Trainee: 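After the structure tokens below, expect a handful of questions from me.
When reading the values below, keep in mind they use all heavy atoms of this one structure, side chains included, and skip hydrogens, waters and symmetry mates. Position 1 is the first residue of the sequence; numbering continues from there. The structure displayed is predicted, hence computed values, not measured ones.
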Amino acid sequence: MKIAIDLDSTINSSRDSIDILSALSRLLCPVHTVLVLTDREPNSEQDIAVELDLLGIDYNQIIITNNKAQFVKNNNIAFFLENEIY
């Protein structure tokens, strides 16, 4: 199953969200594909990877897109955790 989690204002919205999503990502990553989606600057994956490592978030891939809803729709994402309504 593909699971996508938004980074800004979702993963990093609070210490509680970081703790919960860190634990959840550790459980999910070994058996599912966990994608971290963000609308940050293109080619900033390395900086994002460092941040996710510091936050303790496990993931399979970082996706930078300015249209997360369309990405989710086009890529058979089964579950999308996001702070905005689309």
Side-chain angles (χ1 to χ4, degrees):
M1 174 171 42
K2 291 183 184 176
I3 300 162
I5 307 172
D6 175 53
L7 175 55
D8 294 310
S9 298
T10 302
I11 291 174
N12 63 12
S13 69
S14 70
R15 185 72 245 167
D16 287 339
S17 67
I18 293 166
D19 291 345
I20 290 166
L21 293 171
S22 174
L24 186 62
S25 70
R26 281 193 304 274
L27 292 171
L28 293 173
C29 234
V31 292
H32 299 287
T33 301
V34 176
L35 308 171
V36 174
L37 301 186
T38 185
D39 187 16
R40 290 195 182 172
E41 291 295 317
N43 303 312
S44 62
E45 289 89 351
Q46 185 59 41
D47 292 336
I48 296 166
V50 169
E51 179 179 354
L52 292 170
D53 186 50
L54 290 171
L55 296 174
I57 303 296
D58 289 355
Y59 62 93
N60 299 99
Q61 188 176 4
I62 296 167
I63 304 293
I64 297 175
T65 178
N66 62 0
N67 193 336
K68 291 179 270 186
Q70 192 65 45
F71 179 88
V72 167
K73 183 178 178 182
N74 291 344
N75 289 278
N76 300 317
I77 305 298
F79 184 80
F80 179 39
L81 188 57
E82 164 67 82
N83 67 310
E84 296 184 25
I85 298 172
Y86 291 96

Trainee: Taking all non-hydrogen atoms of both residues, which atom of Glu45 and which atom of Ile62 are closest, and how far apart?
Mentor: O-CD1, 3.6 Å

Trainee: For the atom pair CD1 (Ile11) and CG (Asp6), what is the distance rounded to the nearest 0.5 Å?
Mentor: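 Answer rounded to 0.5 Å: 7.0 Å.
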
Trainee: Return the minimal non-hydrogen interatomic distance between Leu21 and Ile57, and the atom names on each side.
Mentor: C-CD1, 3.8 Å

Trainee: Does Ile5 belong to the same Ile/Leu/Val/Met/Phe/Trp/Tyr cluster as Leu7, with side-chain heavy atoms less than 4.5 Å apart forming each link?
Mentor: yes

Trainee: State which residue, out of Asn67, Leu37, Thr65, fulfils the side chain to side chain contact (heavy atoms under 4.5 Å, CB included) condition with Val72.
Mentor: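 Single pass found, and it is Leu37.
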
Trainee: Are Val36 and Met1 connected, step by step, through hydrophobic side chains (Ile, Leu, Val, Met, Phe, Trp, Tyr) whose heavy atoms are closer than 4.5 Å?
Mentor: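 Yes: a chain of side-chain contacts under 4.5 Å links Val36 to Met1.
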
Trainee: Membership question, hydrophobic clusters at under 4.5 Å side-chain separation (ILVMFWY): are Tyr59 and Leu81 in the same one?
Mentor: yes

Trainee: Considering non-hydrogen atoms only, spot the tightest contact between Phe71 and Ile77 and give its length.
Mentor: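 Closest heavy-atom pair between Phe71 and Ile77: CE2-CD1, 4.3 Å.
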
Trainee: Is a side-chain donor or acceptor of Ser17 paired with a backbone partner of Thr10 at a separation under 3.5 angstrom?
Mentor: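 Flag set: sc Ser17 to bb Thr10 pair under 3.5 Å.
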
Trainee: Among residues two or more places apart or on two chains, list those pairs meeting side-chain hydrogen bond (donor to acceptor under 3.5 Å, both in side chains) that have a residue in residues 23-42.
Mentor: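 The answer is Asp8-Thr38, Asp8-Arg40, Ser22-Arg26, Arg40-Glu51.
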
Trainee: Between Lys2 and Asn75 (side chain of the first, backbone of the second, donor and acceptor by atom type, cut-off under 3.5 Å), is there such a pair?
Mentor: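 Yes.
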
Trainee: Should Ile3 and Ile64 be regarded as members of a common hydrophobic cluster, given that ILVMFWY residues are connected when their side-chain heavy atoms come within less than 4.5 Å of each other, either directly or indirectly?
Mentor: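 Yes; Ile64 is reachable from Ile3 via cluster members.
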
Trainee: What residues, two or more places apart in sequence or in another chain, satisfy side chain to side chain donor-acceptor pair (under 3.5 Å) together with Asn74?
Mentor: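 Per chain and number, Asn74 pairs via side chain to side chain donor-acceptor pair (under 3.5 Å) with Gln70.
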
Trainee: Treat each ILVMFWY residue as a node, draw an edge where side-chain heavy atoms are under 4.5 Å apart, and state whether Phe80 and Ile63 are in one component.
Mentor: yes

Trainee: Quick one: salt bridge (Lys or Arg N to Asp or Glu O under 4.0 Å) partners of Asp58, sequence neighbours excluded?
Mentor: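 Residues passing salt bridge (Lys or Arg N to Asp or Glu O under 4.0 Å) with Asp58: none at all.
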
Trainee: CD1 of Ile48 to CG of Leu55: how many Å apart, nearest 0.5 Å?
Mentor: 11.5 Å

Trainee: When Val34 is tested against each of Leu24, Leu27, Leu28 for side chain to side chain contact (heavy atoms under 4.5 Å, CB included), which residue passes?
Mentor: Leu28

